[in-house]
Each structure stands twice: as structure tokens, then as C-alpha cells.
There are 2 protein chains.
Amino acid sequence: MDTAERLITSTQELLRERGYVGTSPKAIQQRAGAGQGSMYHHFTGKPDLARAALTRSAAELRALADQLLSADDTAVNRIEAYLRRERDVLAGCPIGRLAQDPDIIASPTLRAPLDETFAWLRGKLADVLTEGRERGELDLDPVTTAATIVAVLQGGYVLARAADSAEPFDQAVTGVLALLKGTA
Amino acid sequence: MDTAERLITSTQELLRERGYVGTSPKAIQQRAGAGQGSMYHHFTGKPDLARAALTRSAAELRALADQLLSADDTAVNRIEAYLRRERDVLAGCPIGRLAQDPDIIASPTLRAPLDETFAWLRGKLADVLTEGRERGELDLDPVTTAATIVAVLQGGYVLARAADSAEPFDQAVTGVLALLKGTA
DNA sequence: GTCTATAAGAAGATAGAC
DNA sequence: GTCTATCTTCTTATAGAC
């Protein structure tokens, strides 16, 4: 892995651990094993690096979700597979975590990857729900239900971190799946 | 309002706007119209002030939720009133917002108000759901469903901030209410 | 491409005068 | 109780040598 690549992955890790405001260029350099000059040679500054890291994280999240949600199975089973997939719950969502960061939200450039990721994910889930409805598996409004499912995930991360335990995350997922199955 | 009080409310505002890592003692002093010496006379430092501000915000949130959830109405109606209550969605939750802050989560003292608030809220919602079940209004597992409802709220804030619009929050709330009513 | 200065300003206090 | 001075470390770079 070359230096630019190491800088990006280090930034991805630090953004997830400490947010944008809490991540300094120095910390990125140290984790990447790169010097000041090296970092400023490859990127114009902290926002530029963050942009690269967020775009990368967004693509990774999307690829993972797409794989599970495009499987050949019922709508509810695909959604369950996505919700129950292995996650480091206490680390938080690499994308959703940044929605609380004031500097991310204030910058259209840095907010864009978050906006696009969630818009895509809600759209994908709505498609899955629409398919399920057409097949007679369930009968729910696809758009609002999709927003609910993504919100349960993101809110589950919040509850887990507040409790320092994955339990409330798992409960929230179990609860929404019961609701989805109960209306089938 | 005396100086100590102004320092607390200013800290509440700044924690909500910028998080703990993003809030400096200097910013707090300026918003409160207090000097350095004044702040360090009333509080031992930034963590001490944050602790006071978080405890206050937690009490406020709890009082508001308790009022709406203890009303004389059906379980679903009380939950709907709580979910649909007027909020500054784009500002985020004064408590849940801090769950992403690494320094808050790393400190047992600062994490406690978050943990206690969500534990209480999930318990309160579980009580409401248990009551509804005993009255035959619905039939859902109270504990997991309560976690789901709180998660929808917290996740709704995340989606709204990412989209810079309250719409996904409203959709998530509408979706979960439809699920709750659909199983009634 | 990478390294080592250098630097203005902020962060988070402490000390002592008033 | 509040104010000003002082201090150390961190932040976010820029400049120029190698």
C-alpha cells in the first residue's frame, strides 16, 4: 500500500473513532506513518483527505449493503440479513457517525457522501419492499418503511454507544423485524 | 440568571451545536458573557461544566417525554404524540448527539447521563406498551419494541442531518407508526 | 515525494491581583 | 467572584532543503 492509500485508510479509521473535529492532521500522519510534507504533497489539507476517506467509506458501505439486499430471497429475509449482518456496533457507523459533526454538515462537499449514501440505501430498501409487495409477501408503504429501517440501524448505534453495550442495538433490530413480520 | 446558570445553559447549547470535542471553554465563556476566572471559579474545568449541562439536558428531556407518555390515552396515541411532538430536528437530540463523542463515551461520568436517559426512556415506553397489551390494544414485545421506537427517533435525527432536511425523520416516524398500528 | 523548520492562533488551564 | 497575565501543548498549515 502506498503512502496516499495509507493516509486515506488512516483517515477512515480516525473519522470513525473520533469524528472530523476530533481528528488532527498530525494524528493521521502518525497512524499512516507519513510525514507532514508527505501528507500535504498528496492532499491539499484536512478537508481534502476527509473527502477522499468519506467517499471510500461510502462506497464500501454501499457495496456491502447491495450484496445482501440483492440476494435471491424474500424481501423480509433480505432485510433481516442486512440488519443482522456482523457489525462492530460500538464503533458506530462509518458514515452515519459523521452526521453529528458540525464541520461536516456545514460543508456541502463533505456532507454529500453522507446524503448520497443514505438516499441510495433508503431507495434500495424501498425497492426491496416494493418487490415484496408485488409478490404479495407484505403490504407496507415502501418509502416510509425504508426510512424507518435505516433509522432503526442508525439509532441502534446511538443507543449502543450510550449504553456501552450492543444489547439495545440488537433489541431495536429484533423489534423492527417483529413488526415487519407481524404485518406480513 | 446568575453567572453559573448562564455558563450551564451556554454549555448546553454548544454541546448540542458542536459536541464535546468541538466545544472550547473560551466559546462557552463568550456565549455566557463570563471571563476565564469566573468560569474556573464556578467549575473545575470543561468536564465539570459538561457534566452539569448534560445532567440538566437529560432532566429536561425526561420531563417532556414523561408528560406526553403519561397522558390519559391509548398506548399508540401516547407514542404517536411523543414521536410527533415539535422538535428542532436538524439541531439533533441534545442527549443522543453526544453518544458519538469519543471523550463523552470514554468518561463514565459523562456517559452516565446518556445511559440513564435512554434506559429510562426505553423503560417508560415498555411500560406504555405493556399497558396497551393488557388492555388488548396491541400485542407486541414491550422491551424490543421500545428499543425500536427510541432507535427510530435517534436514527431519524441522523438521517435528517445527513440530508439537511427534516423529511427522512418524518418518514421514519410515519413508517414506524404504520407498523405499530398495522399490528394492532 | 519526503523531510525538517517555522509560525500564528486556539485549547485548556493556573496564578495572583483586585 | 471576577479580571488579566502567563504557560504548555496542539492545530493546521507554509517554506524550502534534500
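Below, each value reflects all heavy atoms present in this structure, side chains not excepted, and no hydrogens, waters or symmetry copies. Naming convention: chains lettered A, B, ... in sequence-line order (proteins, then strands); numbering from 1 in each chain.
Residues from residues 37-48 of chain B placing a heavy atom under 4.0 Å of any atom in DNA chain C, listed by number, are B:Y40, B:K46, B:P47. Residues of residues 2-19 of chain B that place a heavy atom closer than 4.0 Å to DNA chain C do not occur.
Distance, B:Q29 CD to D:dC3 C1': 12 Å, rounded to whole Å. As rounded to whole Å, 15 Å separates atom P of C:dA7 from atom CD of A:Q36. Atom C1' of nucleotide C:dT6 and atom NZ of A:K26 are separated by 14 Å, given to the nearest angstrom. Atom CG in B:D103 sits about 14 Å away from atom P in C:dA11, given to the nearest Å.
With hydrogens and angles disregarded, no donor-acceptor distance shorter than 3.5 Å links the side chain of A:R133 to the backbone of A:D139.
With salt bridges taken as basic N to acidic carboxylate O contacts below 4.0 Å, none links B:E167 and A:R122. Of the charged side-chain nitrogens involved, none lies within less than 4.0 Å of a carboxylate oxygen, so that A:D170 and A:R84 do not count as a salt-bridged pair. Between B:R111 and B:D115, at least one side-chain N (NZ, or NE/NH1/NH2) sits under 4.0 Å from a carboxylate O, which counts as a salt bridge.
Among all heavy-atom pairs drawn from B:A172 and B:V152, the shortest one is O-CG1, 3.6 Å.
Screening B:L121, B:L64, B:I149 for a side chain to side chain contact (heavy atoms under 4.5 Å, CB included) with B:Y82, the sole residue that qualifies is B:L121.
In the set D:dT11, C:dA5, C:dG12, C:dG12 carries the atom at the smallest distance from any side-chain atom of B:S24.
Summarising the hydrophobic clusters (Ile, Leu, Val, Met, Phe, Trp, Tyr; side-chain heavy atoms under 4.5 Å, direct or chained), the residues clustered with B:I28 are B:L7, B:I8, B:L14, B:M39, B:Y40, B:F43, B:L49.
For the atom pair CZ of A:R97 and CZ of A:R161, the computed distance is 5.5 Å after rounding to the nearest 0.5 Å.
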